[in-house]
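To start, the structure itself, in structure tokens.
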Amino acid sequence: MSKDERRKVDENSKDEQLEYYRTDNRGKKMTTNQGVRISEDEHSLKAGTRGPTLMEDFHFREKITHFDHERIPERVVHARGFGAHGHFQVYEPMTKYTKAKFLQDPSVKTPVFVRFSTVAGSRGSGDTVRDVRGFAVKFYTEEGNYDLVGNNIPVFFIQDAIKFPDLVHAFKPEPHNEIPQASTAHDTFWDFVANNQETAHMIMWAMSDRAIPRSYRMMEGFGVHTFRFVNDKGKARFVKFHWKPVLGVHSLVWDEAQKIAGKDPDFHRRDLWEAIERGDGAEYELGVQMIDEEDEFKFDFDILDPTKLWPEEMIPVRIIGKMTLNRNQDNVFAETEQAAFHPGNVVPGIDFTNDPLLQGRLFSYTDTQLIRLGSPNFHEIPINRPVCPFHNNQYDGYHRMTINTGPVAYHKNSLQQNDPAPASEEEGGYIHYQEKVEGRKIRRRSDSFKDHFSQAKLFWNSMSPVEKEHIVSAFRFEVGKVKSKDVRKQVVEMFNKVDRKLAKQMAAGVGVKPPEKDESSKVTLKSPALSQENTRKSPLTRTVAILAEDGFNHSEVIRVLTAFLKAGLVPDVISSHLGAVRGDNGKEIEAGNTLQTADSVLYDAVYIPGGKDSIERLKKQKAALDFINEAFSHFKAIGAASEGVDLLTSAAGIRALSEPGIVTAASGDALDAFSKELIEAVGMHRHWERTV
Ligand code: HDE
């Protein structure tokens, strides 16, 4: 079977392709890039041991020149990102709705590469900043690459792509002093918001817990725009794409997110990397919302407006397949950094709509890759190559890899019988959906895009009391950092059009008078699907810090640890030193971290085992008490057994014992029930009802 005949793609096809480019230096002799073996790599060639370096040292010149050119421009937005490989499988044939091949056969595993990112920060910025997260998926299908380049928030700041440079200039560090990094808490961003009120809905999301996810594995993804599904009969439907994480949607608390940015700026990439290395990976179900073409105008929002979502209770999300991320990349530069996504990379059966934001994106992505990757041949870089063959008359350019043979590089021709030849629809040729379009050339937005506050209010209405509290605090933090009182006032006035109570609470924190008039949106509708309170909960892959010093109750720890592992938790023993920690029976356990290297904010929960000596030792360490106290104030599950209870109350006070998510056991007999209850408490993610 020739390369070209191999149309059937399976899970391993991308891996096989990448294998061709993979290289392992172990056991190899060092050479120059020309393949000449190098005899020495520590001293440049000099005229005498104390003499000048010689120009003829080709090895030195080549090594330094390559190094000088190692960096490429970072992405203008979404610069900080991290990727992983995996596959996608559809649950049932979607033939009725789309002819896309990768959505037909449940037995086909389509390879994928996913890149998660933050938007505002530079490539070296922290993972846990308050920001939208990019969620870009490249499906290597047998009909070509399909990119679903989405975010973890279902709407966007603006309605027309022509405003994107303004938005980005406003949220990036201010140009005169390049401050602040990876943060929207500054004057220009909020000035933009107040003066471009189409941002209202997205800002509600960005101030919510959605903008500080616990893990890439615990956030939703959205295609944001309305796309089209087209079936083999040419019938089209509007469609929106959703990714639903199997572990549910969970977030950090703001104080924790800020601290993690210092303690472990790689928190999210490490979490994903380690989960995959452990074999846990990450799973997301793909959902679609569909609207028939005939129903385009049946809603009180314009379905092409990217600042609007389609409430799930109104248009249900149909779950159609699952994506599993299960292989870490080999090299971050070669894969994550060189990956080039494009919302215009579609396959037959998936088409565009007139969403003006989407239309603008269709131009921007190729353009940006040209400067970033330096050549129109970036599709030949291994991570970007489709797994199916590609042929056309595009030749030459920087770094061309393909060696085209023969003299013909044009269409039409007779010398080569018109090859490569266009494919008919039956042969898989992409036919654009023949939407009828007419209108005057005009620089204006449709009136149906003018309502900026109804869905901002819908979002607010749908939040639980705790989520509302978090939103108010986020506004107070972000707007509180704005120096211009006038801008702060404008922002408060703007959100008075969403909800008066919100505006009043915000005003109280940011030093401006609350607006006199109640201009709240009158929308009373709620969408329970928008609240993280209603998400799936699970103890799987949750990290638990076990605080232990010499003298800990060994048999207790082994019993609890066994239960933890069985339930899929990820325990880590933390002590004052690395290596062996000796239990009360002389048996040892290995500490994975110390109170210096670890921190409460890096774990989901804490378990304090008994053992008189261990507890006495821990009590003397401020770091141990702070650890527990902080976990308590971040609403995390804490378990303490026998003498461990004493340490818990020393850290968090006696009243902690009656707070939710605190699990204690007095004696060894109750350990099984203790473990069970603690695992359940960890699985709840956080115990918001706790008084802290
Ligand atoms: Fe992007 N966006 N974007 N964007 N976007 C880029 O392309 C752009 C928008 C998204 O992991 C850039 O390769 C315009 C919405 C993701 O490599 C650039 C507009 C959504 C990523 C670009 C938008 C996204 C990008 C920068 C307004 C969610 C990272 C580097 C119309 C649906 C992809 C690059 C990756 C990256 C342009 C708005 C998602 C400049 C003009 C809406 C996930 O081309």
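Both counts, for ligands and for their atoms, begin at 1 and track the order of listing.
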Relative to the heavy atoms of [X], which atoms of ligand 1 are at a distance of less than 4.0 Å?
{"X": "V76", "value": "26 (C), 40 (C)"}
{"X": "G134", "value": "43 (C)"}
{"X": "A161", "value": "31 (C)"}
{"X": "V77", "value": "2 (N), 6 (C), 26 (C), 30 (C)"}
{"X": "L357", "value": "27 (C), 31 (C), 42 (C)"}
{"X": "V224", "value": "28 (C), 32 (C)"}

For [atom], the protein heavy atom that lies nearest, with its residue and separation:
{"atom": "atom 24 (C) of ligand 1", "value": "R361 NH2, 3.0 Å"}
{"atom": "atom 38 (C) of ligand 1", "value": "F156 CZ, 3.6 Å"}
{"atom": "atom 44 (O) of ligand 1", "value": "S364 OG, 3.2 Å"}
{"atom": "atom 11 (O) of ligand 1", "value": "R115 NH1, 2.7 Å"}
{"atom": "atom 25 (C) of ligand 1", "value": "H78 CD2, 3.2 Å"}
{"atom": "atom 14 (C) of ligand 1", "value": "F164 CD2, 3.2 Å"}
{"atom": "atom 28 (C) of ligand 1", "value": "N151 ND2, 3.2 Å"}

Item to check | Residues I303, K240; criterion side chain to side chain contact (heavy atoms under 4.5 Å, CB included); working and verdict | outcome: CA-CA 10 Å; I303 65 163; K240 275 202 193 281; over 6 Å; no

Checklist entry - Given R372, R75, Q369, K138, which one has a non-hydrogen atom that is nearest to atom 13 (O) of ligand 1? => result Q369

Next on the checklist: Could you walk me through whether R130 and F477 satisfy the side chain to side chain contact (heavy atoms under 4.5 Å, CB included) test, starting with their C-alpha distance in whole Å, then the side-chain angles of each, then the deciding distance to 0.1 Å, before giving a yes or no?
Outcome noted: CA-CA 11 Å; R130 176 176 296 282; F477 175 90; 5.9 Å; no

Checklist entry - Does G150 come within less than 4.0 Å of ligand 1, judged by its heavy atoms? => result yes

Checklist entry - Applying a strict 4.0 Å limit to heavy atoms, is G223 in contact with ligand 1? => result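 For ligand 1, residue contact (heavy atoms, under 4.0 Å) with G223 is present.
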
Next on the checklist: Parallel, tilted or perpendicular, judged at 30° and 60°: which one describes the rings of H85 and F113?
Outcome noted: tilted

Checklist entry - Angle class for the F116/Y284 ring planes (parallel below 30°, perpendicular above 60°, tilted otherwise)? => result tilted

Before we go on, tell me: are the rings of [X] and [Y] under 6.0 Å apart, centre to centre?
{"X": "F82", "Y": "Y216", "result": "no"}
{"X": "F192", "Y": "F157", "result": "no"}
{"X": "F229", "Y": "F241", "result": "yes"}

Item to check | Intermediate values then yes/no, side chain to side chain contact (heavy atoms under 4.5 Å, CB included), V137 and W243 | outcome: CA-CA 10 Å; V137 183; W243 290 111; 3.7 Å; yes

[X] contact mode with ligand 1 (heavy-atom cut-off under 4.0 Å):
{"X": "T368", "value": "side chain"}
{"X": "V149", "value": "both"}
{"X": "Y365", "value": "both"}

Checklist entry - So, K244 and E220, do they make that salt bridge, N to O below 4.0 Å? => result yes

Checklist entry - Any ion pair linking K450 and D447 (charged N to carboxylate O, less than 4.0 Å)? => result yes

Item to check | T353 and H225: side chain donor to acceptor below 3.5 Å | outcome: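 No, H225 and T353 have no side-chain donor paired with an acceptor closer than 3.5 Å.
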
Checklist entry - Is the NZ or CZ atom of K322 positioned over Y91's six-membered ring, under 6.0 angstrom from the centre and within 45° of the axis? => result no

